[in-house]
Amino acid sequence: MEVTLKIFRYNPESGKKPHYEKYTVEAEPTDRVLDLLEYIKGNFDGTLSFRRSCAHGICGSDAMRINGQNRLACKLLVKDLHGAQITVEPILGLRVIKDLIVDMEPFFENYRSVLPYLINDEPAPKKERLQSPEERERFDDTTKCILCACCTTSCPSFWVNEKYVGPAAIVTAHRFIFDSRDRGAAERLKILSGQFGVYRCHTIFNCTTACPREIEVTQAIGEVKKAIGTGSLE
Amino acid sequence: MSSRPAPQIGFSFEYLMWIFTRISGLVMYLLAFVGLVMAFWMGAHQQVDIGALARWTFFPNPNHVTNTNIPDVTLGWSNAWWQVMEMLIFLFAVTHGMNGVRVIYEDYIGNTWGRALGRGIIFLLWIFLLIVGIYVILAS
Ligand code: SF4
Ligand code: SF4
Ligand code: FES
């Protein structure tokens with residue numbers, strides 16, 4: 001089948017304004033959007049810039065807006081787009097550096113602000129810090145995050161203010177707050193109850209829709225809100 | 001592995017206002033329900049005037065319903081009761097609404113003097129509306 005890709009192009013060094021360019025390519029229904037981008041880069045225009053690494057939906061580098069929705073280009077098949085035109089744009093809310101590449105620094109700054117690592121000053125046991133299967137299950141969903149930023153850059157609260165920590169950072173905070181081996185919950189909850197914490201979330205659910213790992217993002221945010229209110233880490 | 005210290009409940013301003021928003025929403029439903037039921041009980045079921053009924057539900061001011069056959073509620077304790085009802089619903093509605101304005105404003109504004117300025121203006125507006133509302137309730 002023949003599909004036309006309408007791709008956002010911007011190169012600050014060219015002096016040209018951001019614009020869209022169209023490329024028509026021959027595609028299999030089972031091709032991924034990433035394959036088409038690679039094809040265009042290889043055959044039509046080598047300057048087309050985008051991030052990709054694993055090409056298997058696990059590194060989180062190729063989040064982009066495809067037909068208006070935040071998706072991983074490597075996880076989206078042409079046949080699932082049901083159309084002969086595919087619009088590809090950079091994710092929203094972050095500064096575009098070139099073409100589909102955005103400046104992820106504000107995203108990672110928010111990520112770092114929630115202390116995304118295990119905190120436990122108690123003397124380490126001989127072998128390992130044990131955990132029951134139930135305790136592990138408690139935060140299983142949020143361990144799946146690949147930091148692709150699909151969620152945070154689909155969130156209207158983040159669009160208007162990049163100081164909002166955003167759903168991805170809250171998902172990571174959740175992953176540690178509810179980990180029985182961790183002792184930093186109080187500190188993280190304090191950060192998240194501030195002005196740019198969980199209360200900037202207005203439960204719009206865009207993040208849950210956007211997450212390519214199918215994490216129940218808004219539910220995780222709700223559980224963090226509940227922990228702030230009740231002081232319970234159940 | 002259950003020696004995990006429970007975090008202290010931090011009563012941050014954002015948290016308290018978040019809780020308040022939820023509770024005041026429910027309280028407003030409750031107050032409106034009381035107003036609605038009492039309006040029916042006092043006679044609205046015989047003479048349904050949708051406008052008066054709606055006003056009685058959301059702003060139970062005796063002067064709103066003089067044209068129905070509702071007993072004269074501008075007398076004595078009855079009047080005091082309705083004035084209190086009116087003040088409560090007004091207090092919750094204005095506070096809920098102004099807090100909503102604050103939340104939207106602070107979605108946009110960073111942690112700078114802009115936030116203090118916005119909070120100041122919204123606080124003054126809130127006080128102003130309360131004073132005007134209470135004056136109207138007591139004077140009518
Ligand atoms: S649920 Fe909250 S975090 Fe998710 S998109 Fe909506 S406002 Fe943003
Ligand atoms: S929660 Fe989902 S959408 Fe958000 S960064 Fe993690 S994997 Fe991506
Ligand atoms: S390239 Fe790694 S997630 Fe798509």
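Predicted, not measured: the structure shown is a model, and the values here were computed from it. Reminder, nothing fancy here: chain letters follow the sequence lines and each chain counts from 1.
Looking at B/Ile19, neither its backbone nor its side chain comes within 4.5 Å of chain A, counting heavy atoms on both sides. For A/Phe196, the part sitting under 4.5 Å from any heavy atom of chain B is the side chain, from C-beta outward, and nothing else. Neither the backbone nor the side chain of A/Lys190 comes within contact range of chain B, judged by heavy atoms closer than 4.5 Å.
The local environment of CZ in B/Phe128 is sparse, with at most 12 non-hydrogen atoms from other residues, nucleotides or ligands closer than 6.0 Å. For NZ of A/Lys226, the number of neighbouring non-hydrogen atoms (other residues, nucleotides, ligands) closer than 6.0 Å is 12 at most.
For the side-chain hydrogen bond (donor to acceptor under 3.5 Å, both in side chains) test, residues two or more places apart in sequence or in another chain that qualify with B/Trp126 are B/Thr95.
To the nearest 0.5 Å, atoms CG (B/Leu16) and OH (A/Tyr199) are separated by 8.5 Å. We find the CD1-NE2 distance between B/Ile104 and A/His202 to be 7.5 Å, quoted to the nearest 0.5 Å.
At a heavy-atom separation below 4.5 angstrom, chain B is approached by no residue within residues 65-72 of chain A. Interface residues of residues 101-117 of chain A toward chain B, defined by a heavy-atom distance below 4.5 Å: none.
Proximity of B/Tyr108 to A/Asn161: side-chain heavy atoms (C-beta onward) are nowhere separated by under 4.5 Å. Proximity of A/Lys225 to B/Trp18: side-chain heavy atoms (C-beta onward) are separated by under 4.5 Å at one or more points.
Sequence neighbours left out, the pairs with a member in residues 113-123 of chain B that pass salt bridge (charged side-chain N to carboxylate O under 4.0 Å, His left out) are B/Glu14-B/Arg119, B/Glu106-B/Arg119.
Taking chain B as the reference chain and counting heavy-atom pairs below 4.5 Å, the highest number among A/Leu189, A/Val198, A/Ile177, A/Asp179 is found for A/Asp179.
Here the side chain of A/Ser193 pairs no donor or acceptor atom with the backbone of B/Ser12 at under 3.5 angstrom.
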